[in-house]
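To start, the structure itself, in structure tokens.
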Amino acid sequence: MSIMEKLQYISTRSFEEMKGMDTAALRAGFQLPAVFVPGIFSGYYVAEDRMIVMGAVPLGASLSLPAFTEFTKASFLLDRRELGIINVGGAGTVVADGQSYHLETKDSLYLGMGTREVSFTSDDASNPSRFYMNSAPAHQTCPPVHVPFASVEPMVAGAVENANHRKIYQCIIPGKVNSNQLVMGFTELQPGSIWNTMPPHVHLRRHEIYLYFNIPDNNMVLHLMGKPDETRHIIMRDGEAVYSPSWSIHSGAGTTAYSFVWSMAGENQDYKDMDMVSVNELR
């Protein structure tokens, strides 16, 4: 089995497990660092809600979506799954069962259950696409939808004086795209702001995956996790993802403004389903 056909397994983690982890164990248990590897597929199978998290960076040749039969036991990945794609690199093209979709930077694409053949190419190998993908189990077929970045009206949140002024782009979400359970979008911190999802929240009905991107060299994001009264942190760099369990807060602060893709699967698709946490509760 080649590396482009293999996923790293990330088991479901409990709060009690987290309490006993040192830095190395936290990174091994929750961080997903190798999402983008030039020229191949690279990814993870997150046991909670059975999310597949992966990236494709096509160079000279196109890349075809593997079946990952070790986990799916299917002849093609989307036999019983759906797929969300957000391009966080240069422009490129996705071909799904013969239909071509050109994705500019920050464009999104939803592909439904039953899509058999999916391939990815970059317009320019010197500025390759970085196709970030999440796949969740599905029970019915929903139609494919291309969501251009220019068509998404952002939700503005936070304030400059609190260093959390940000624009939230809801891309694969009810009312815009029909899906079984997958919800995806991304948030852009505005210049001068560093805090995301602050004040924080939890939602026991869904787990969440964060992919941090547009982090300049020599900068980082301190990703906060854990329960409100017992938090931990993981240092994140550009193009790295992190698994946030349903019992955990997810927030962070960077050394500069940055962006992150958020994606969820679980019991519901209600973006506003959040149990808010006061800043005063954090420890």
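In this chain, numbering begins with 1 at the start of the sequence shown. Here the structure is a predicted model, which is why all the values come from computation and not from measurement.
No salt bridge links D79 with K73; every basic N to acidic carboxylate O contact stays at or beyond 4.0 Å. Salt bridge absent: E48 and R50 never bring a charged side-chain N and a carboxylate O closer than 4.0 Å.
Within 6.0 Å of CD in E17 there are more than 12 heavy atoms belonging to other residues, nucleotides or ligands. When the shell of 6.0 Å around NZ of K167 is examined, it contains 12 or fewer heavy atoms from other residues, nucleotides or ligands. Heavy atoms from other residues, nucleotides or ligands lying under 6.0 Å from CZ of R116 number 12 at most. Atom CG of D124 sits in a crowded spot, with more than 12 heavy atoms from other residues, nucleotides or ligands closer than 6.0 Å.
Across all their heavy atoms, S244 and I249 have their closest contact at OG-O, 3.6 Å.
No donor-acceptor pair closer than 3.5 Å links the side chain of T231 to the backbone N or O of P228. D229 places no side-chain N or O within 3.5 Å of a backbone atom of R283 that could act as its donor or acceptor partner. Without hydrogens or angle criteria, N87 side chain to D107 main chain gives no donor-acceptor distance under 3.5 Å. Panel note: side chain S251, backbone N196; a donor-acceptor pair is recorded below 3.5 Å. Put simply, the side chain of E208 never gets that close to the backbone of W262: no donor and acceptor are under 3.5 Å apart. Looking at S179, its side chain does come within 3.5 Å of a backbone N or O of L182 through a donor-acceptor pair. Looking at E281, its side chain does come within 3.5 Å of a backbone N or O of S278 through a donor-acceptor pair.
Every side-chain contact (heavy atoms from CB on, under 4.5 Å) that S151 has, sequence neighbours left out, goes to V147, P148. F149 pairs by the ring-ring contact (aromatic ring centres under 6.0 Å, His included) definition with Y169, F186, not counting sequence neighbours. When the side-chain contact (heavy atoms from CB on, under 4.5 Å) test is applied to N214, the partners found at least two apart in sequence or on another chain are S259. Checked against side-chain contact (heavy atoms from CB on, under 4.5 Å), T105 has no partners two or more places apart in sequence or in another chain.
Sorted by first and then second residue, the pairs that involve residues 70-111 and meet ring pair (Phe, Tyr, Trp, His ring centres under 6.0 Å), not counting sequence neighbours, are Y45-F71.
Taking the six-membered ring for Trp and the full ring otherwise, Y44 and Y9 have centroids separated by 6.0 Å or more.
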Solution key, residues 219-227 side-chain donor-acceptor pairs under 3.5 Å, sequence neighbours excluded:
| unit_1 | atom_1 | unit_2 | atom_2 | d |
| --- | --- | --- | --- | --- |
| N219 | OD1 | T255 | OG1 | 2.7 |
| N219 | ND2 | D217 | O | 3.0 |
| H223 | ND1 | Y212 | OH | 2.8 |

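Between atom CD of residue E82 and atom SG of residue C142 there is a gap of 6.5 Å, rounded to the nearest 0.5 Å.
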